[in-house]
Structures are given as structure tokens and as C-alpha cells.
K.L.:
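One structure follows; several queries about it will come next.
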Amino acid sequence: MLTKNQMSDSDFQKLLQVALTDLTIRRTLAENTTAEVNEEMRSLEKDDRLDKLDMQIQAIAQDYDHYKQFVDPNFSIDIDQEYSE
């Protein structure tokens, strides 16, 4: 297993961008599920599901904020462009 010290700064920044993109997608999916659950009839199961989704969104937001601290504002990378044809 390689350590962070064996990784170039640009590779580390790219890794951070990939992780932040993943977390953004996960949060969007959880928020979309929350909206779908909200459209259902009111019930105890719905309230429980919404509580779990809210906890999931909060955990994702905390991870995002944590990893965002390591991003170099001078490093520019477009993840979408990196994987396009």
C-alpha cells in the first residue's frame, strides 16, 4: 500500500476532487430520495426514513467539509473533462 507521502501533490488534489464529486453525488441522491419520501402519505415509517436520510445527508456534509479543507485553491482540474472521450 502506498502512503500519501508517495503521492504527488497533483495526484492528491485529483483524488480530493474525485472524493468531493462522489460526496456531492451521494448528497444529491439522498436529497432526491428525501423529496420522494416527502411526497408519500404521512406515516411513522416515513418519519423514520426521513430521519435516517437526514442523518446520512449530515454525515456526507461533514465529510465534504472535512476533505474540502485539503483542497489547494490554486490547483485547477475539471473532473468531467478528465474522463471524457
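When reading the values below, keep in mind they use all heavy atoms of this one structure, side chains included, and skip hydrogens, waters and symmetry mates. Counting from 1, the numbers follow the sequence of the chain as shown.
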K.L.:
State which residues pass side chain to side chain contact (heavy atoms under 4.5 Å, CB included) with I25; sequence neighbours excluded, sorted by chain then number.
P.N.:
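Residues passing side chain to side chain contact (heavy atoms under 4.5 Å, CB included) with I25: T21, L29.
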K.L.:
Only pairs at least two apart or in different chains count here, so list each salt bridge (Lys or Arg N to Asp or Glu O under 4.0 Å) that has a residue in residues 64-74.
P.N.:
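Passing the test, one end in residues 64-74: no pairs.
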K.L.:
Would you mind listing every salt bridge (Lys or Arg N to Asp or Glu O under 4.0 Å) that reaches into residues 47-59, with sequence neighbours excluded?
P.N.:
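Found R42-D47, D48-K52.
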K.L.:
Listed by chain and number, what are the side chain to side chain contact (heavy atoms under 4.5 Å, CB included) partners of S10, not counting sequence neighbours?
P.N.:
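S10: side chain to side chain contact (heavy atoms under 4.5 Å, CB included) contacts with S8, F75.
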K.L.:
Roughly how far apart are L53 CG and K46 NZ, rounded to 0.5 Å?
P.N.:
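Answer rounded to 0.5 Å: 11.5 Å.
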K.L.:
To the nearest 0.5 Å, what is the distance between OG1 (T33) and CG (N38)?
P.N.:
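That separation rounds to 11.0 Å.
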K.L.:
Which residues satisfy the side chain to side chain contact (heavy atoms under 4.5 Å, CB included) test with T3, sequence neighbours excluded?
P.N.:
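For T3 the side chain to side chain contact (heavy atoms under 4.5 Å, CB included) partners, ignoring immediate neighbours, are N5, Q6.
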K.L.:
Suppose clustering is done on Ile, Leu, Val, Met, Phe, Trp and Tyr with side-chain heavy atoms closer than 4.5 Å. Which residues sit in the same group as L20?
P.N.:
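Grouped by the 4.5 Å side-chain rule, M7, F12, L15, L16, L23, I60, Y64, Y67, F70, V71 form the rest of the cluster around L20.
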K.L.:
Got a sec, which pairs hit salt bridge (Lys or Arg N to Asp or Glu O under 4.0 Å) with one end in residues 24-35, sequence neighbours left out?
P.N.:
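Of all non-adjacent pairs touching residues 24-35, those that pass salt bridge (Lys or Arg N to Asp or Glu O under 4.0 Å) are D22-R26, R27-E31.
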